[in-house]
*Asks:* 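Pasting in a structure now, in structure tokens, and then I'll have a few things to ask.
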Amino acid sequence: MAISSPSLLLSFSHAETIPKPSKIDTVNPPNPILLISRCTSLRELMQIQGYAIKSHLHEDVSFITKLINFCTEYPTTSSMSYARQLFDAMPEPDIVVFNSMARGYSRSTTPLEAFSLFVEILEDDYLLPDGYTFPSLLKACAAAKALEEGRQLHCLSMKLGLDDNIYVCPTLINMYTECEDVDAARCVFDGIVEPCVVSYNAMITGYARRNRPNEALSLFREMQGKNLKPNEVTLLSVLSSCSLLGSLDLGKWIHEYAKKHGFCKYVKVITALIDMFAKCGSLDDAVSLFERMRHKDTQAWSAMIVAYANHGQAEKSMLMFERMRSENVQPDEITFLGLLNACSHAGLVEEGREYFSRMVNEYGIVPSIKHYGSMVDLLGRAGHLDDAYRFIDKLPISPTPMLWRILLSACSSHNNLELAEKVSERIFELDDSHGGDYVMLSNLYARNKKWEDVDSLRKVMKDRRAVKVPGCSSIEVNNVVHEFFSGDGVKSVTTKLHKALDEMVKELKLAGYVPDTSIVVHADMNDQEKKITLRYHSEKLAIAFGLLNTPAGTTIRVVKNLRVCRDCHNAAKLISLIFGRKVVLRDVQRFHHFEDGKCSCGDFW
DNA sequence: TACAATCCTC
């Protein structure tokens, strides 16, 4: 268990301020309440409790409350279990001390203990929850993603007339969005007569965290219409929405807004701006902001390491890490996630393994499922498929569908049908509703000309009602984000765009482009139909739209929700050459910079 | 004693 309390880490420097039990002046014993304020570790706190017995304070409610507060401020497993002992020993704990316990649990690794303890005290029927009780308990539910418990608290807060408390409202919204019930959150928000900035922030953040950036931005506009002043928290969520959308124009506007209203003094805002610029494809802007930062914290360094990783510049990610270390900034789990991603995007298997082991052994960071995901990607993408399979099998935690999915995608890159079938089985045992898995496997069957398997898999997919997420690419032109869905070109695309698309494909063919129909799986389509399907891939629609609607020579920035397809990747390389345009394409896992007929990924993806 | 909080496996 990692020590999360800075005060606990300082325990040596102030240790003399708490007298050793043998040195206690029994005539004039030290005042234990004063000692708590000087206390720097749990061990010292326990000593103080020992003196208290001598001065008959050990049953004093305000004294015990102070002890408990100390433990719950930076909760660890041991401090919480000590606090619980103290709490259970109190003959009549009041709601204030319960609130302190709840606050501690909500920030600990066992948040739902707060709820269980709450149910106990309700059954005893002697404590009445107040406006301080609900925020802690709701936060605990949010941390544990416990929707049912959260709903019960919501009902109770209504019964007690506390649901419109200015502190309870935002936490209710946050609890619902963290438990993935965004509509319920919106209901709470809509019920507020005059929402304050914090409630707006809670709702905007909720939308951003649940991947609904358009709704987040529309609330942000609504808020400005009402003349409510955004604060730095608002900007963080709005910037994260820009990042999700790849909306560089809006992001730049927020940057100007931040400069004008003095928000650039917040390290978090600058970090969010760095992330936004990087995710919107403008790595140069991210770098220049970063280099101008006076105080760079762990998060800022990590954001930059992640940025370089996503843009395929592994060397720079690693260099950032060295600089970070030389400036004595401690890396955290996100830093290592960035480094692992950098290595996996560049095929640096040994370096990646090395970082993983340093993270665990040198920095004592417990790997999370995301680190494991990165490792599987690192091994799999580089073609060490069996290693990756064994890696998953040997994990100390049970693998998630996502973990197998990453391996499946590596099997597909390396055309290993045998392992892909085995991996698919493992996925379907856990989750058979994800259409992308069937598509990937059936693509592999198609590449190996196993048409019967393609057909039967399609049937299985249909029977299980698995839905495929449609490919969607977007491009921002003059502050408006335009979305294109694969295949819907025939219906919804304007005549003008059709012409531009025709023109683009014609030029491509002159330059030697041959549509790669092998990646279209439908066995019942003829070659011509396959070519038409390829032509209406969302990436091509968005790029054609960009060619049509942006000035010659400017960079075309496209964001795609899935991985870029091989045929579109080939086409984009040629487009950058023929039309003299840089194309920056962000797909679900990384950036591709196309220039002069080449891609920054070096075709390794 | 309290509310919202950037960077995070595809």
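In what follows, chains are A, B, ... by sequence order, proteins preceding strands, each numbered from 1.
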*Asks:* Find the distance A:Glu232:CD to B:dA4:C1' and express it as a whole number of Å.
*Replies:*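 Roughly 10 Å, once rounded to whole Å.
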*Asks:* If only atom types and distance count, is the side chain of A:His255 paired as donor or acceptor with the main-chain N or O of A:Leu273 below 3.5 Å?
*Replies:*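 No, the answer is negative, given that no donor and acceptor are paired below the 3.5 Å cut-off.
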*Asks:* Please give, in whole Å, the distance from B:dT1 P to A:Tyr74 OH?
*Replies:*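 Rounded to whole Å, this separation is 14 Å.
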*Asks:* Has A:Asn561 got a side-chain N or O lying under 4.0 Å from the OP1 or OP2 atom of B:dC10?
*Replies:*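 For A:Asn561, the contact criterion (side-chain N or O under 4.0 Å from OP1 or OP2 of B:dC10) is not met.
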*Asks:* Heavy atoms only, 4.0 Å cut-off, all strands: where does A:Asp275 land among base, sugar-phosphate and nothing?
*Replies:*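 Counting heavy atoms under 4.0 Å across all strands, the contact made by A:Asp275 is with sugar-phosphate only.
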*Asks:* Mind checking if A:Thr171 touches a base, just sugar-phosphate, or nothing, with heavy atoms under 4.0 Å?
*Replies:*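 If one applies the 4.0 Å heavy-atom cut-off, A:Thr171 turns out to touch the sugar-phosphate alone, with no base involved.
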*Asks:* Spell out, as yes or no, whether a donor-acceptor pair under 3.5 Å connects the side chain of A:Lys560 to the backbone of A:Val588.
*Replies:*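 No, the answer is negative, given that no donor and acceptor are paired below the 3.5 Å cut-off.
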*Asks:* Is the A:Tyr200-A:Phe189 ring centre distance short of 6.0 angstrom?
*Replies:*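 Close enough - the centres of the two rings lie under 6.0 Å apart.
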*Asks:* Starting from P on B:dC7, measure out to OH on A:Tyr266 and report it in whole angstrom.
*Replies:*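 From A:Tyr266 OH to B:dC7 P: 19 Å.
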*Asks:* As a test of reading the structure: which of B:dT6, B:dA2, B:dT9 is closest to the side chain of A:Tyr132, going by heavy atoms?
*Replies:*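 Of B:dT6, B:dA2, B:dT9, B:dA2 is nearest to the side chain of A:Tyr132.
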*Asks:* Given B:dC3, B:dT9, B:dC10, which nucleotide is nearest the side-chain atoms of A:Gln589?
*Replies:*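 Comparing B:dC3, B:dT9, B:dC10 against the side chain of A:Gln589, the answer is B:dC10.
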*Asks:* Taking any heavy-atom pair under 4.0 Å as a contact, classify A:Ser302: base, sugar-phosphate, or nothing.
*Replies:*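 Base, at least one base heavy atom under 4.0 Å.
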*Asks:* Rounded to the nearest Å, what distance is computed from the CG atom of residue A:Asn174 to the C1' atom of nucleotide B:dA2?
*Replies:*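 Going from A:Asn174 (CG) to B:dA2 (C1'), I get 14 Å.
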*Asks:* Nearest to the side chain of A:Lys370 - B:dA2, B:dC7, B:dT9?
*Replies:*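 The listed nucleotide nearest to A:Lys370's side chain is B:dT9.
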*Asks:* In terms of relative ring orientation, are A:Phe263 and A:Tyr257 parallel, tilted or perpendicular, with 30° and 60° separating the classes?
*Replies:*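 Parallel: the ring planes of A:Phe263 and A:Tyr257 meet at under 30°.
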*Asks:* If you look at every strand shown and take non-hydrogen atoms under 4.0 Å, does A:Gln299 touch a base, only sugar-phosphate, or nothing?
*Replies:*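 Contact class for A:Gln299: base.
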*Asks:* Could you give the CG-to-P distance, from A:Leu273 to B:dA5, as a whole number of Å?
*Replies:*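 Distance, rounded to whole Å: 18 Å.
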*Asks:* For the pair made of CE in A:Met402 and C1' in B:dT9, what is the distance, rounded to whole Å?
*Replies:*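 The distance from CE of A:Met402 to C1' of B:dT9 comes to 6 Å, rounded to the nearest Å.
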*Asks:* At 4.0 Å (heavy atoms only), tell me whether A:Leu138 reaches a base, stays on the sugar-phosphate, or touches nothing.
*Replies:*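 Nothing: the residue A:Leu138, judged by heavy atoms under 4.0 Å, touches no strand.
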*Asks:* Would you say B:dC8 has OP1 or OP2 under 4.0 Å from some side-chain N or O of A:Lys279?
*Replies:*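 Affirmative; the distance criterion is met.
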*Asks:* Choosing from B:dT1, B:dC10, B:dA4, which nucleotide comes nearest the side chain of A:Val233?
*Replies:*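 Nearest to the side chain of A:Val233 among the choices is B:dA4.
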*Asks:* Checking all strands, does A:Asn231 fall into the base, sugar-phosphate, or nothing category for heavy-atom contacts under 4.0 angstrom?
*Replies:*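 If one applies the 4.0 Å heavy-atom cut-off, A:Asn231 turns out to touch a base.
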*Asks:* To the nearest Å, how far apart are A:Asn211 CG and B:dT9 P?
*Replies:*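 My rounded result for the distance is 12 Å.
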*Asks:* Side chain of A:Pro170, heavy atoms from C-beta onward: which of B:dC10, B:dA4, B:dC8 has the nearest atom to it?
*Replies:*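 Among B:dC10, B:dA4, B:dC8, the one nearest the side chain of A:Pro170 is B:dA4.
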*Asks:* Regarding A:Val588, tell me which of base, sugar-phosphate or nothing describes its non-hydrogen contacts under 4.0 Å with the strands shown.
*Replies:*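 It contacts base atoms.
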*Asks:* As a test of reading the structure: which of B:dC3, B:dT6, B:dT1 is closest to the side chain of A:Ser240, going by heavy atoms?
*Replies:*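 Output: B:dT6.
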*Asks:* Mind checking whether A:Phe428 and A:Tyr438 have parallel, tilted or perpendicular rings, split at 30° and 60°?
*Replies:*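 Answer is parallel, since the angle falls under 30°.
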*Asks:* On the 0 to 90° scale, with breaks at 30° and 60°, tag the A:Tyr176-A:His154 ring pair as parallel, tilted or perpendicular.
*Replies:*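 Rings of A:Tyr176 and A:His154: perpendicular, as their planes differ by over 60°.
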*Asks:* Does the gap between the ring centers of A:Trp301 and A:Phe321 come in under 6.0 Å?
*Replies:*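 Centroid distance A:Trp301-A:Phe321: not below 6.0 Å, so no.
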*Asks:* Base, sugar-phosphate, or nothing: which does A:Gly338 touch, judged by heavy atoms less than 4.0 Å apart?
*Replies:*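 No contact at all - A:Gly338 keeps every heavy atom at 4.0 Å or more from the nucleic acid.
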*Asks:* Determine the contact category for A:Ile334: base if any of its heavy atoms lies under 4.0 Å from a base atom, sugar-phosphate if only primed atoms, P, OP1 or OP2 are that close, otherwise nothing.
*Replies:*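 Here A:Ile334 touches the bases of the nucleic acid.
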*Asks:* Between A:Tyr372 and B:dT9, do the rings stack, that is, sit under 5.5 Å apart with planes less than 30° off each other?
*Replies:*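 Base of B:dT9: not stacked against A:Tyr372.
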*Asks:* Strictly below 4.0 Å: does A:Lys139 bring a side-chain N or O up to OP1 or OP2 of B:dC3?
*Replies:*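 The answer is yes; a side-chain N or O of A:Lys139 sits under 4.0 Å from OP1 or OP2.
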*Asks:* Starting at CE of A:Met320 and ending at P of B:dC7, how long is that distance when rounded to a whole Å?
*Replies:*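 Roughly 19 Å, once rounded to whole Å.
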